[in-house]
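Just so you know, these numbers come straight off a predicted model, no measurement behind them. Throughout, protein chains are lettered first and strands after them, A, B, ... in sequence-line order, and every chain is numbered starting at 1.
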Amino acid sequence: MGLLDARISNRNVLVTSVDNVMNWARLSSLWPMGFGLACCAIEMMATNASNYDLERFGIFPRSSPRQSDLMIVAGTVTMKMAERVITLYEQMPEPRYVLSMGSCSNCGGPYWNHGYHVLKGVDRVIPVDVYVPGCPPRPEALIGGLMKIQELIRMEGIGLSRQDALKKLAEKSVDPQQVIDQARKVATA
Amino acid sequence: MEMFTAIGLNHFLTISTMLFALGMFAVMTRKNAIVILMGVELILNAANINFLAFSKYNGGMEGVMISLFVIVLAAAEAAVALAIVINIFKTFKTVDVSSVDTMKE
Amino acid sequence: MDKAMEEAGNIMSAMVQESKAAYDIIRERFGEAVSEFDANPTMPFFEVLDTARWVDIALFMRDDARLKFNCMACLSGVDYLEEGKLGIVCNFESIGQYTHRIAVKVKCQRDGGSIPSVSCVWHTANWHEREAYDMYGMVFDGHPDLRRILCPEDWTGFPLRKDYQVQETYHGIKVPY
Amino acid sequence: MDQTLSGFGTVFVFLALGIFFVVAGFITARLLRPSRPNAEKNSTYECGEPAVGSAWVKFNIRFYVVALIFIIFDVEVVFLYPWATVFKPLGSFALVEVLIFAGILILGLAYAWVKGDLDWVRPTPNIPKMPELPGRDSGRANG
Amino acid sequence: MSEYFSNIKTATTTIATGLTITLRHFINAVKRKGDAGIDDADFFRQVDGLCTLQYPREVMPTPANARYRLYNNIDDCIGCNQCDRACPVECITIETIKVTADDLAICGKTSGGQQKRMWVPVFDIDVAKCMTCGICVSVCPTECLVHTPVADFSEFDVRNMVYHFGNLSKIEAQAKTKKLEEEKAAKAKAAEAAAASGQAPVPKPAPKPAPKPAGDQAGE
Amino acid sequence: MNELTIAIIFYIFAAVTVVSAAVVVFSKNVIYSAFSLLFTFFGVAALYVFLSADFIAVTQIVVYVGGILVLLLFGVMFTNTIMSTDLKADVLHFIPGVVLTVLLIVGMLYAFYTTGDWMPGHIQLSGSVVERIGIETMSRYMLPFEMASILLLVALIGAAYLARYDKANKKEH
Amino acid sequence: MSSSPSLNTWSDALSGFTIGGFPLGLIIVAAIPLVFIALYALTYGVYGERKFSAFMQDRLGPMEVGPWGILQTLADILKLLQKEDIVPTVADKFLFVIGPLIMFVGSFLAFAVLPFGPAFIGADLNVGLFYAVGIVALEVVGILASGWGSNNKWALYGAIRSVAQIVSYEIPASIALLCGAMMAGSLSMQHFNVVQSGPYGFMHFFLFRNPIAWLPFIIYFIASLAENNRAPFDIPEAESELVAGFFTEYTGMKFAMFFLAEYGSMFMVSAVLSIVFLGGWASPLPNIGGLALNTMTSGPVWGAIWIILKGFFFIFVQMWLRWTLPRLRVDQLMYLCWKVLTPFAFIAFVLTAVWEIYM
Amino acid sequence: MQELGKAELNSTRIIRQDDNRVIIEKDLDTEYMVLSMGPQHPSTHGVLRLECITDGEVVVEAEPYLGYLHRCFEKYCEKIDYPAIVPYTDRMDYLAGMNTELAYCITVEKLLDIEIPRRVEFIRVITAELNRIASHLVAIGTYGIDLGAFTPFLFCFRDREIILNLLEWISGARMLYNYVWIGGLSYDVPADFKKRVDEFVSYFKPKVVELRELLTENEIFVKRTKGIGIMPAEVAINYGWSGPMLRGSGVKWDLRRNDPYSIYPELEFDIPVPDGKFSDVGDSLSRHLVRALEIDESLKIIEQCLDKMPEVAGFDPRAVIPKRIRPKAGEVYGRAENPRGEVGFYIVSDGKSTKPLRCKARSSCFVNLSAMKDLSKGQLIPDLVAIIGSIDIVLGEVDR
Ligand code: SF4
Ligand code: SF4
Ligand code: SF4
């Protein structure tokens with residue numbers, strides 16, 4: 001039974017500072033599993049490559065799920081692949097995060113209506129933390145998504161579930177409608 | 001107390017005896033050829049401890065030199081013996097010495 | 001359609017003429033086993049009527065010195081729903097020998113129909129036939145390894161048939177959106 | 001007390017510290033980390049597929065031959081090291097002696113070389129052939 | 001034997017070549033390429049050196065026609081439904097209410113000066129599904145549906161990615177529907193009355209609220 | 001104080017040696033036997049240090065751990081399969097083995113402890129053991145030294161031949 | 001036993017304060033800084049690798065974790081501490097756990113004989129060099145234990161490959177080092193440094209003093225790459241073939257142990273290389289006339305700086321190679337070892353012996 | 001139950017059961033191991049799975065399993081309009097979207113029988129060749145990774161990034177362009193386009209040389225790939241190989257020459273085939289070389305196109321795009337030379353609907369990969385990786 005499993009009711013200064021250190025470590029060293037499915041994977045590779053260089057954030061891909069913290073589901077998950085994705089996800093040690101990259105893994109994307117063999121969203125089989133939209137998402141978008149994951153981790157803590165963290169985040173984050181309004185402003189500007 | 005704290009020749013001899021006995025036991029009772037080989041290695045180690053112990057407490061180089069040659073021997077022995085074991089295994093599909101000697105090719 | 005055929009019969013492009021020449025050789029050898037030549041300007045083809053001779057025709061096409069269709073460029077399954085048939089369309093060409101190209105159609109019954117496999121003539125037919133089987137469900141007789149190739153082994157139905165209904169769940173995962 | 005020990009005493013301390021370090025690391029990790037095992041998590045990794053069979057199979061004999069040649073030369077090196085510390089005063093005679101010693105073993109290397117034990121035998125790969133005609137049951141091999 | 005040595009030689013030289021190349025790059029690492037976008041005239045000014053762009057801090061400008069997040073300027077949308085029908089992914093959902101005659105002025109005109117005849121209470125784009133193919137944009141007659149260069153908009157919840165661009169709230173929409181119904185009823189009544197009175201009213205055009213002609217003339 | 005420390009370290013290594021040797025012998029799993037041999041060899045190397053034979057100690061590590069143990073492990077891995085045969089090694093002639101072993105231990109220990117004058121006294125070797133070994137091999141032990149090389153050569157040739165030769169297949173490969 | 005009485009190891013220097021003959025407590029005191037140097041070398045090896053590789057690849061490398069990313073490794077280790085520990089059901093629990101331990105201890109033990117300065121060495125064994133060569137054996141067993149214990153096919157492939165590779169390359173490596181030992185006439189690590197230091201700086205280094213020394217130098221360097229599973233010899237953990245080699249199944253702290261062990265041995269071989277052929281802590285700067293550069297740059301502190309610099313230089317070269325070259329195949333690896341390096345090592349051995357005796 | 005293989009000297013049999021699991025029956029000498037390589041494996045380039053039956057390090061047989069990325073492209077074609085299929089063709093071969101689009105569009109154009117403006121053709125060829133370079137860069141880069149060289153990969157991606165920038169500039173998207181439309185293009189090129197592409201060509205030329213020195217000429221690389229996975233020309237044709245794979249086997253066959261489309265007949269370029277000096281004809285190295293040399297050829301083509309491209313004032317690339325694309329009834333098989341080989345579309349139109357009745361995509365990788373099983377026999381695992389890498393598969397295209 002480790003500390004990260006513990007349920008702590010009173011969160012004093014000590015706990016929070018331990019939290020901060022541990023969260024900092026986790027968010028600074030997110031090792032994704034080198035795992036590409038489709039076109040998005042190429043953009044993921046491009047993000048890893050020199051021009052965007054994910055290693056700046058301490059993100060560098062490991063090929064074994066055992067040593068990775070983050071699963072970037074980059075591409076179309078098909079029915080045949082779904083079970084493998086579950087297995088691979090399960091084989092990652094906790095704490096683990098899932099980033100769904102691209103329309104396909106968000107919700108089936110371009111293949112959602114007639115794609116009989118396409119899983120309509122990877123969140124049907126594994127819990128997803130952050131959804132990155134785009135088809136394929138630009139490297140910038142992927143980096144943005146990873147920063148969102150870092151934001152999420154920052155909110156986590158000993159004895160806090162992921163849901164709590166999300167709630168905490170939701171309190172801080174903006175309403176999606178505002179995003180649109182903002183977009184409107186950007187577009188009109 | 002003195003007997004336990006002042007490490008002397010007898011301590012080493014005792015250990016070497018134990019190793020030797022364990023090695024003997026393995027050689028005598030185990031059926032797996034590889035474990036028998038391990039037993040032989042234990043015996044050689046026990047012998048080496050004795051050589052070195054006597055060498056130290058007698059102050060000559062003989063023990064050291066002989067133990068060196070024993071190690072050479074052990075290496076050669078291990079190489080050849082394991083090659084034989086592997087060959088036995090290839091032929092009889094087992095490393096069980098008790099069944100090997102009753103088997104014919 | 002008819003008009004187009006007529007036109008094509010009158011003025012055939014060089015490519016179609018080449019195909020026609022190749023067809024004539026086959027026709028000469030196999031007679032009624034093959035249908036009339038369809039001088040489709042974009043893809044001239046003929047149909048194999050006697051499917052049992054399909055492998056022979058294929059072998060002849062590959063090995064005859066005048067044809068040398070050594071490359072099967074494509075093999076597509078097709079569902080002829082109205083005719084109640086399934087079929088394959090193969091595109092052939094001759095690499096390095098001639099410039100002629102031709103397409104061949106082979107059809108079989110929609111239910112329980114089978115087509116002889118030509119994977120013993122062209123390696124490439126092997127996977128293409130598996131794919132056609134996977135998508136349409138026609139059986140290729142004599143195929144060495146006729147398994148589904150794209151869909152999972154335990155997938156139900158043949159997705160590209162016109163009347164395909166997608167299954168509700170697969171291994172407990174919901175399939176439709 | 002024996003002087004040798006003081007040198008090796010440090011080695012012992014390193015040993016103890018090394019073990020301590022590892023164990024401390026493990027214990028800290030144990031205190032920190034979550035532990036939520038499940039069957040799937042504990043299954044063997046094989047690229048996402050369920051593993052077929054155990055990995056504990058007999059391995060190729062070639063590796064054994066490598067270890068074999070290694071051990072022989074290892075022992076040789078054991079003799080050469082003490083010699084290296086004193087060969088200058090001992091002079092030509094010792095050199096000749098050692099050259100004979102090494103030469104004999106190099107003979108062994110040469111033997112292994114000639115016999116192909118040093119070659120990592122690569123099987124002759126299959127060069128694809130044209131498909132075989134029907135009628136024979138050999139579709140498998142080529143298909 | 002000569003092969004043995006020539007092997008060693010080629011290996012050494014080619015490895016040395018490779019090492020020089022990487023070393024050159026290592027030394028060049030003092031230079032940086034900068035964030036010139038492809039639009040900039042000096043895009044190729046710096047060809048060696050680090051090419052990493054530290055994204056959240058430095059951004060390379062995207063070209064003007066970059067197709068990322070969709071944005072609908074609903075003020076210009078005439079609710080013609082073209083985009084919905086053209087979208088291969090079917091990720092646009094449009095519901096329209098015909099504008100009643102007295103509302104035409106309120107509803108206003110597009111920036112192109114075209115009178116809008118539809119309320120668009122629901123204009124949802126599921127950007128999670130969208131594949132940014134740009135087909136919808138290319139068919140939009142008023143050019144109100146545009147791709148913005150904003151690419152980075154990830155979410156914690158995929159449902160947040162359905163963007164609602166509609167220009168009416170639910171209540172308003174209900175009100176407008178009611179109004180339309182009333183107007184229709186009124187018209188029907190008027191028509192009835194007219195029929196009863198024997199006057200042939202101007203026949204109402206297509207009942208479907210799809211101003212197709214408008215779409216076609218600007219849509220190519 | 002320091003005597004005690006040394007004694008403790010000695011006992012630690014002695015215990016490691018003997019216990020792991022016991023595991024080697026009594027373990028049902030050949031792989032465990034092989035791996036605990038590592039600790040035995042290591043412990044014995046430590047004991048060699050106590051016997052001032054530092055060179056031999058390192059040699060022990062180099063040859064036994066790096067060579068023989070690896071060879072043994074390879075042997076185990078080649079000849080055993082979890083899948084078909086089990087890795088358990090059966091015990092043969094158990095009773096006579098125990099009897100003989102006990103007799104052996106008792107007899108030897110008796111001999112050691114009753115013979116009072118094993119130790120003529122602490123005679124320290126002068127100079128470095130390594131250099132002494134170097135000199136001795138070149139002079140007094142010249143012949144065994146050269147013989148060792150021949151022995152090794154023969155062992156190499158023989159073992160390589162055996163490993164290569166497949167009797168069932170009647171061919172070298 | 002100290003074979004070089006003129007030298008004081010640090011522990012010897014402190015031994016005056018002990019009450020008994022056996023300064024265990026002080027050895028610990030002496031060892032701790034070494035441990036920290038070792039750990040420092042390990043962690044900054046990792047960071048350095050990332051940065052160097054990044055620069056060679058036109059990238060920036062770690063940037064966001066601490067200024068210029070210098071806290072990256074710390075974050076990695078801290079993170080690995082928090083990771084769940086997975087022991088696969090089918091794995092052999094005992095071997096699975098013992099593997100990383102043996103591995104780490106093996107690479108750590110080697111640091112005991114590295115001299116970091118004239119009086120700054122853990123243990124100046126008179127068999128120091130031999131010890132440094134031999135202790136690798138522990139790693140071999142650790143690798144086998146973890147590979148077999150994982151009961152994973154990739155891991156087993158990785159382990160067996162790795163072991164075959166390490167044991168094979170130990171032969172040319174040890175013969176190459178033997179050449180160094182012949183030049184120095186001793187196996188004591190300190191002795192190497194002493195005989196290579198002098199007023200003429202680098203002129204005293206074996207590499208420059210002896211016309212044949214470059215051959216064993218290169219042979220040892222290549223062999224050490226292979227012993228550390230460094231590219232182009234990284235076939236045991238070849239990502240594109242074997243996923244992650246023998247540590248495929250390891251998570252969290254256990255994986256960290258492998259990680260640290262790998263970088264530890266990297267520093268270790270680099271240090272050995274510089275000690276045996278490049279004078280270790282001896283300053284390479286010569287005294288030129290009145291400009292006593294050498295004298296100025298000698299001493300305990302400078303010694304540590306020099307050896308760390310030299311070590312890091314070779315680590316840099318290792319990385320440089322790694323990020324330049326493709327990987328060899330296993331048969332090519334064996335070819336290189338047995339048919340190129342070993343014969344050349346023997347040639348070097350004979351030449352060195354002849355040179356040393358007759359020149 | 002099928003028997004897959006036998007060990008030589010005893011009764012070991014590898015059996016594929018009816019439920020398609022492979023089991024090993026009784027083994028005595030060295031054991032066969034069933035090793036599943038993929039779907040998540042660094043060197044299967046996506047989600048290919050190879051079920052290798054290995055004897056030690058030797059692969060007895062490797063059976064490819066596909067379909068992990070089967071995205072129902074052909075189903076989609078029957079459900080959506082002709083122009084809407086274009087973005088889906090992008091997603092088929094996502095590394096060479098332009099080329100696949102082009103293949104699809106010329107196929108439909110054949111069916112529609114329309115004349116394309118010359119400027120459009122030039123732009124199409126330039127973008128397609130740019131995309132070919134980008135695609136080959138990925139192929140070469142990932143091949144480097146497969147063989148353990150990481151740096152060339154990053155260099156390739158660095159340069160590819162510039163091509164992506166160029167193409168994004170033209171089309172608005174980085175990878176999946178939807179730029180080539182049936183009968184035209186979605187936009188005209190930007191004003192500076194010629195200049196920028198010219199700059200790119202002069203920037204890129206030294207980089208190609210650098211790449212060659214770093215990777216292709218490296219002795220280790222050569223030793224790793226030379227003589228591995230030899231495919232004789234005749235069998236390659238029989239396997240239906242195309243593109244660099246076929247040319248690697250020494251067959252001078254390039255659809256841009258042998259079944260010319262667009263303006264390729266007007267352009268001068270070589271078709272590189274290995275001469276057997278640097279590599280053995282038909283081996284992995286040849287295939288790699290062909291790709292590397294094709295980059296040069298593509299640059300040549302681009303330069304020529306830039307020279308010849310007509311400038312038309314007020315040019316509208318959408319001018320000849322039919323309002324409603326509804327081809328007359330007919331069948332067509334059209335194809336183009338993609339970076340990975342021949343990509344063909346077999347389209348059946350019934351003349352009534354705006355959707356094809358049947359659209360089959362003939363995928364180059366699918367066909368190229370089908371030889372994998374044959375090529376893999378008796379290879380070492382590292383060689384297997386080298387062979388897969390040299391086939392340069394894009395799973396999106398294999399599985400469609
Ligand atoms: S989201 Fe788009 S780019 Fe990503 S995998 Fe799906 S289709 Fe490809
Ligand atoms: S960009 Fe394409 S997918 Fe997205 S809404 Fe428009 S038409 Fe649909
Ligand atoms: S096509 Fe344009 S105007 Fe018509 S509904 Fe869509 S966004 Fe509105």
Side-chain angles (χ1 to χ4, degrees), chain E residues 6-22 24-26 33 36-53 60-68 85-90 130-139 147 149 151 216 219-220, chain H residues 76 79-81 83-88 90-91 149 151-152 154-155 157-159 161-162 164-174 176-179 181 186-187 190 192 195-196 198-200 202-204 206-207 210-211 213-223 316 318-319 321 323:
Chain E
S6 74
N7 264 346
I8 295 175
K9 191 168 151 267
T10 35
T12 325
T13 47
T14 53
I15 286 171
T17 321
L19 288 175
T20 351
I21 291 173
T22 35
R24 199 161 59 224
H25 279 266
F26 186 73
K33 198 156 157 273
I38 189 86
D39 273 327
D40 298 341
D42 54 353
F43 182 67
F44 284 103
R45 80 182 151 212
Q46 174 73 57
V47 291
D48 305 314
L50 305 180
C51 60
T52 310
L53 215 57
M60 177 189 258
T62 42
N65 60 349
R67 297 198 309 254
Y68 296 101
R85 268 178 289 141
C87 174
V89 182
E90 303 170 22
C130 172
M131 61 170 169
T132 62
C133 64
I135 291 180
C136 54
V137 172
S138 71
V139 299
H147 284 287
D216 270 2
E220 57 176 36
Chain H
Y76 261 89
K79 300 277 184 189
I80 52 180
D81 294 349
I85 293 174
V86 176
Y88 285 93
D90 281 335
R91 278 150 185 81
T151 306
L154 288 168
F155 287 176
F157 261 67
R158 180 199 60 202
D159 296 335
E161 198 73 18
I162 293 175
L164 293 195
N165 283 338
L166 276 171
L167 292 178
E168 187 189 29
W169 194 37
I170 303 169
S171 70
R174 278 164 54 90
L176 309 172
Y177 312 100
N178 190 18
Y179 181 64
W181 284 3
S186 59
Y187 310 98
D192 277 352
K195 183 169 153 271
R196 202 50 47 81
D198 216 35
E199 280 171 351
F200 167 74
S202 43
Y203 157 83
F204 189 53
K207 303 283 176 192
E210 188 184 89
L211 191 62
E213 283 174 354
L214 188 57
L215 188 70
T216 314
E217 284 173 4
N218 188 298
E219 183 68 4
I220 299 176
F221 179 83
V222 173
K223 280 266 143 58
D316 179 11
R318 303 186 192 179
I321 299 180
K323 282 262 148 53

Without swapping roles, check the side chain of Arg158(H) against the backbone of Thr52(E) for a donor-acceptor pair under 3.5 Å.
no
Less than 4.5 Å apart, side chain to side chain, heavy atoms only: is that true for His25(E) and Glu210(H)?
yes
Is there side-chain contact between Pro83(H) and Ile135(E), with heavy atoms separated by less than 4.5 Å?
no
Heavy-atom closest contact (Tyr68(E) atom, Ala173(H) atom, distance)
OH-CA, 4.4 Å
Taking side chain as everything from C-beta outward and backbone as N, CA, C, O, which of these in Tyr187(H) sits under 4.5 Å from a heavy atom of chain E? Side chain, backbone, both or neither.
side chain
With a 4.5 Å cut-off on side-chain heavy atoms, are Glu219(H) and Thr12(E) touching?
no
State, yes or no, whether a side-chain contact exists between Ser138(E) and Trp181(H) at a heavy-atom distance under 4.5 Å.
yes
Quick check: does any side chain N or O of Asn65(E) sit under 3.5 Å from a backbone N or O of Ile170(H), one acting as donor and the other as acceptor?
yes
Heavy-atom cut-off 4.5 Å, strictly under: side chain, backbone, both or neither for Cys51(E) against chain H?
side chain
Check whether any side-chain heavy atom of Asn7(E) sits under 4.5 Å from a side-chain heavy atom of Lys223(H), and report yes or no.
yes
Go through the atoms of Thr10(E) and report whether side chain, backbone, both or neither lie under 4.5 Å from a heavy atom of chain H.
both
Closer than 3.5 angstrom, by distance alone: can the side chain of Arg67(E) be matched with the main-chain N or O of Glu168(H) as a donor-acceptor pair?
no
Any idea which of Asn165(H), Leu166(H), Asp192(H) has the most non-hydrogen atom pairs under 4.5 angstrom with chain E?
Asn165(H)
